[in-house]
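Residue indices begin at 1 and follow the sequence shown. Since we're looking at a predicted model, the values are computed, not measured.
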Amino acid sequence: MFGALVESDIFQDNEPPNHVLINSYRSGQGIAPHQDGPLYRPLVAILSLNGPALLQFWAPRRDHDGAALAPDLNATCHDPSTSVLCQPNSFLV
């Protein structure tokens, strides 16, 4: 799969995918708001297999000087900046 992502120009030759993380969630489960670390930059590819996945994104938190702050673990109390519904068997980059 890594080779196919590079061959189709989704990932660049000099920055190919570097690992796979597999998560399984039951309906209604998910993960708390967080900020992905440097291993996930500059691209992330998400494959939804068994069911739909709602991905919600919040704007990064910044201090008064514009420096990044830790994610707000209570962010679900606020509306996300954007949401993406990945249908079963969908692929999002």
Side-chain angles (χ1 to χ4, degrees):
M1 180 182 248
F2 285 4
L5 290 170
V6 172
E7 288 172 14
S8 48
D9 292 327
I10 295 171
F11 283 77
Q12 301 301 310
D13 286 331
N14 62 337
E15 292 184 298
N18 58 12
H19 69 281
V20 173
L21 176 65
I22 299 173
N23 292 315
S24 177
Y25 302 104
R26 295 181 195 266
S27 181
Q29 285 184 318
I31 55 176
H34 66 281
Q35 184 173 352
D36 287 337
L39 289 177
Y40 296 93
R41 292 189 183 109
L43 290 177
V44 174
I46 299 168
L47 177 63
S48 175
L49 294 175
N50 195 33
L54 179 63
L55 305 176
Q56 297 179 307
F57 299 91
W58 284 264
R61 294 179 27 172
R62 306 258 179 221
D63 66 14
H64 296 293
D65 296 322
L69 296 172
D72 182 357
L73 297 180
N74 296 314
T76 54
C77 298
H78 311 287
D79 291 334
S81 300
T82 191
S83 297
V84 177
L85 178 60
C86 295
Q87 295 296 340
N89 302 314
S90 62
F91 185 68
L92 174 70
V93 177

Within this structure, what is the CG-OG distance for the pair Leu92 and Ser48, rounded to the nearest 0.5 Å? 10.0 Å
In terms of heavy-atom contacts, does CG of Asn18 have more than 12 from other residues, nucleotides or ligands at under 6.0 Å? yes
With a 4.5 Å limit on heavy-atom distance, are the side chains of Pro17 and Phe2 in contact? yes
Considering all heavy atoms of both residues, which atom of Pro88 and which atom of Pro52 are nearest to each other, and what is their separation? CG-N, 3.7 Å
For Asp13, side chain to side chain donor-acceptor pair (under 3.5 Å) partners two or more places apart: none
Under the criterion side chain to side chain contact (heavy atoms under 4.5 Å, CB included), which of Leu55, Leu49, Leu54 is the partner of Cys86? Leu55
Look only at the side chain of Glu15 and the backbone of Gln12, and say whether a donor-acceptor pair between them is shorter than 3.5 Å. no
State plainly whether one hydrophobic cluster holds both Val84 and Tyr40, where clusters connect Ile, Leu, Val, Met, Phe, Trp and Tyr through side-chain heavy atoms under 4.5 angstrom apart. yes
Do Leu21 and Val44 belong together in a cluster built from hydrophobic side chains that touch within less than 4.5 Å? yes
Within-4.5 Å side-chain heavy-atom neighbours: Leu5 and Phe91: yes
Please examine the side chains of Leu47 and Met1, heavy atoms only from C-beta on, and report whether any two atoms are closer than 4.5 Å. yes
Would you name the heavy atoms of Ala45 and Phe11 that are closest together and state the gap between them? CB-CE1, 4.1 Å
N/O donor-acceptor pair under 3.5 Å between Asp63 side chain and Asp65 backbone: yes
